[in-house]
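Within every chain, numbering begins at 1; the chains are lettered A, B, ... in the order of the sequence lines, protein sequences first and strands thereafter.
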Amino acid sequence: MACGSFNYSFFANSVGKEMCEKRKTGNIAKVATCSLAVQGNTSTTAKPVVEVPADQNSTFINLGRSSTKRRFETHRCQETIEEIIGNGKFGRFGGKFVPETLITCLNMLEAEFRSVLHDVQFQAELATALRDYVGRETPLYYAQRLTEHYKSKSCSGEGPEIYLKREDLNHGGAHKMNNAIAQAMIARRMGRTRVVAATGAGQHGVATAAACAKLSLECTVFMGTKDIEKQSSNVLLMKLLGAQVKSVAGNFKDATSEAFRNWVNDLETSYYLTGTVVGPHPCPSMVREFQSVIGKETRKQALEKWGGEPDVLVACVGSGSNALGLFHEFIDDEDVRLIGVEGAGIGLDSGHHSATLTRGEVGVYHGAMSYLLQDHEGQIVGPHSIGVGLEYPGVSPELSFLKDSGRAEFHTATDQEALDAYRLLCRLEGIFPALEACHALAFLDKLCPTLRSGTKVVVNCSGRGDKDAAIVFNSKLT
Amino acid sequence: MAASTCCSSTPCKHHSPSLPKPYNSSSFPSHLPLKFRKFTSRATAAATVFCTLAHDAAAAVVMQEAPPSLDLPRPDSFGRFGKYGGKYVPETLMYALSELETAFRSLAGDPDFERELDGILKDYVGRESPLYFAERLTEHYKRPDGEGPHIYLKREDLNHTGAHKINNAVAQALLAKRLGKQRIIAETGAGQHGVATATVCARFGLQCIIYMGAQDMERQALNVFRMQLLGAEVRPVHSGTATLKDATSEAIRDWVTNVETTHYILGSVAGPHPYPMMVREFHKVIGKETRKQALEKWGGKPDVLVACVGGGSNAMGLFHEFVDDKDVRLIGVEAAGYGLDSGKHAATLTKGEVGVLHGAMSYLLQDDDGQIIEPHSISAGLDYPGVGPEHSFLKDTGRAEYYSVTDDEALEAFKRLSRLEGIIPALETSHALAYLEKLCPTLPNGTKVVLNCSGRGDKDVQTAIKYLQPLLPLPSARHLRCFPSLPLSHTHDPSPLLLHSPASFDFGEAFRFELKRVSHIGMTLFGFIDGSSTDAQGMDAYCRSGLAFVAL
């Protein structure tokens, strides 16, 4: 796979470019654009509609047609629907590496995704559900004592200001709900009666089960046996919400494979609800679109709180949904640093980690090309992290692309560092973060000393850690 | 001291007619002396209150004689709601309570304090909490002709820490900080209030000491660990039964000793004045938001408000805003435990009698000797023998109605909301939800019902599972194995069944037994019959995590 094939000035359609540029010249000040972009979650309805016939054959050929790339050019232009959907390629990453039998299904999904982006009523319903059911918007919380902690550690007594995006306050306890409710609504709109999902830490499973209960859909969740053991409380929640939980030997990757197989057997009535920004096109684009509300809110709240943009965004990366949800809105603002933190497990050199972007190599997995943890024969290496939600051998194709293009940085934090961060945030702020989010918090230890005083850092507190108290408890004993 | 002699007789005289029990029960002479004992001690305690507070004895008399009316300020200047409430506390605490009241009154109107509190409620607690139209629950209660009330949930479960409790805890911690008190104490039973208190102390950097019965600590090791993570010191209490009430006594003892440096965070609208008033004021944001959201959503007021009542803080928070809107029905739902007649319940307002507990006069669960009857409810939060004095007052004036539901009804409601709306409510909240079963058929079409979804039920899942699944407990993972050739296809297809087979076990018997249960309850069992390694591992995982045979 040649990696030099992207073309920065290549546009998928000139109509889109023209419209974008017209709009760009109309935007006088940067701030004006910001407020335009974040008025309501359903601003898509106000966007110009550009219809392009979906050309499936070209999907595999036009490697350079990256929607992300394109937006570098049309700087700070509001996304069109076509840009949101994209063509499934992010530079050389992404794609639709699936058996022919699934292509029809994915095309149907893409068509439905396109039509809900047009659908004013759907968008209004989604906005209501996000507000009243999920409990958005979530606060952007100034972590005063955490900020002071890092200030006191530096010799000058100065340091960055740390804000937490409180996704842990969502219904279900994590950012996963944003996507689950939206996709469940799509499933219902498509007339499907059954939803299949795979979950790692169980957060996506709980979110899916809750959304299905609300919308009266049947729900089957696949979960790895190891994860069931570690996250038994989430299993109980799912069952209580009426979902069927099926165990699969192994962990999240095996559960995903099994869920996929199950879905393929019953394509007519069931809907495969992806929890994260991986898988074949249009899954990554769709999940990213539904999670991007995190970033949009952050932009609006930052403007309210300090009249500007954040300087640094930090999020944990397992497969990347919460990171991309926060980053996406700011990709074009090149002065905003984007930092993803992966799970280094018990050490990068131990072989027991899930630092896909840091240590992985490019390959194809679960229908898309991205960085992967693989051995010399191209076989998947089992990932490890104390944050169960980070244990995935692949990663989002879009994040892979952001890494290659240098737009985002990726670092790692070990299990022990994550545990320390868990304790620190409990002690200082009275917030139990999920162990996944702890990786992002743990990186602050290294990041903060390097930042100028007054830098605004926004960390995505992607989930609550009640579910992890037992793990931390046991780690204390050993 | 002169004032003391003067007024100690006055309250006695004016107090007695309003105390129903001694006179009502005069037909049972054998009980009489005991009742009198109760009555006398109460009067003495009341005298203490007047001595300290009433500078003008005449004013006290006027207040006493006024019939219970909603138009008077609640509470009055003595901390009374009608005859309820007050400050029945040892003299040593009077100063702390007066100081607290003064501080509260001066801060309540202070814009700086308000602004800081509002900021924290918004960014830390995550307010405002949505008013959610429960579409499928509404659908569920529609009558055959398609008519029925509209049900809205006030989503307090979305707050940080998962319940309404944090509204008050945050505000009290902020108050303590303003008072210059760096040390916070509280007691806890199951650990929920302790965790909430420890949370806000961590947030404000205050020293936190939680008293907990030694026995409770053992049972709730994980919550103890949580509090410790939050930086709190958890002190075991070994005296008495080593449970909540002993922890409470110990906490009060601590407060009396360290009253100058310490603030006692009370979690409910109970206790001596000014706590019932203060906690209510900190929770009234629930009702205020509801009014605003109702106006936005349907341009009017709610018609019926429903909330569960243990101590009564979430109900008071919702009701307070609407007490003066006489067309809004207020309904509190108490825990009837195993049933009101079983004696195992916590339905204080329904079955209790007036008495004094934890420094305030209110309805109580007490025996003929005036001793507290141990309450029972499946939910730890309703398991309280008293109730907020203002609820007693609202009951007597007829402004609010109080009903009760049993453990079983609450569990049904717990399951119903989980299944219909994907919201797992706390077991406390489930009581309010359960009452909808009786309420909804009586309401005209289109009535707007707002129910306070006061907490999330993650904490109750273990309890609920225990009660909801009547299946055999399995010995341990080692005693489990797959049985490859059970003829299941014609009996219970396609749901697999897991069986246990310790060597000594009569396998056929167990199989029939399980199958009967399965078909009876209509549930799906985990388990694997084909004996493949995958499934055996899966089964093992379930067993190790204690989930085997858990089904709903």
By a 4.5 Å heavy-atom criterion (distance strictly below it), what part of [X] contacts chain A: side chain, backbone, both, or neither?
X	answer
B:Ile423	both
B:Val125	backbone
B:Arg456	side chain

Contacting region of [X] [heavy-atom separation from chain B under 4.5 Å]:
X	value
A:Leu140	backbone
A:Lys165	neither
A:Leu428	backbone
A:Arg427	both
A:Ala209	neither
A:Gln144	side chain
A:Val134	backbone
A:Asp466	both
A:Thr138	neither

**Test item: side-chain donor near acceptor, A:Glu429 and A:Tyr141, under 3.5 Å** = yes

**Asked** Distance only, no hydrogens: is a donor on one side chain within 3.5 Å (strictly under) of an acceptor on the other, for B:Ser454 and B:Thr429?
**Response**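 Note: B:Ser454 and B:Thr429 side chains meet the donor-acceptor criterion.
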
**Fill in**
dist A:Ser247:OG -> A:Glu229:CD (nearest 0.5 Å) comes out at 11.0 Å

**Request:** Starting at OG of B:Ser430, measure out to CD1 of B:Ile378 and round the result to the nearest 0.5 Å.
**Result:** 9.0 Å

**Message:** Are more than 12 heavy atoms, taken from residues, nucleotides or ligands other than B:Gln207, located less than 6.0 Å from that residue's CD atom?
**Reply:**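 Atom CD in B:Gln207 is packed in, count exceeds 12.
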
Which one of [options] has the most heavy-atom pairs closer than 4.5 Å to chain A?
options	result
B:Val195, B:Leu222, B:Leu417	B:Leu222
B:Thr199, B:Ile120, B:Leu158, B:Asp458	B:Leu158
B:Pro130, B:Ala232, B:Ala198, B:Ser129	B:Pro130

**Request:** Mark yes or no: B:Arg226 above the aromatic ring of A:Phe473, with NZ or CZ under 6.0 Å from the six-membered ring centre and no more than 45 degrees from the axis.
**Result:**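 No.
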
**Request:** Just say parallel, tilted or perpendicular for the rings of B:Tyr152 and B:Phe133, cut-offs at 30° and 60°.
**Result:** tilted

**Request:** Output, in order, the C-alpha distance, side-chain angles, deciding distance and verdict of salt bridge (charged side-chain N to carboxylate O under 4.0 Å, His left out) for A:Lys151 and A:Glu161.
**Result:** CA-CA 9 Å; A:Lys151 279 187 180 165; A:Glu161 288 176 16; 5.2 Å; no

**Prompt:** Taking the side chain as C-beta and beyond, is there a heavy-atom pair between B:Asn159 and B:Lys165 under 4.5 Å?
**Reply:**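 SC-SC contact between B:Asn159 and B:Lys165 ruled out.
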
**Request:** Select, from A:Leu237, A:Leu146, A:Asn170, the one with the greatest count of heavy-atom pairs under 4.5 Å involving chain B.
**Result:** A:Leu237

**Basic-acidic side-chain contact under 4.0 Å: B:Glu139, B:Arg136** =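 Result for this pair is no, no salt bridge flagged.
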
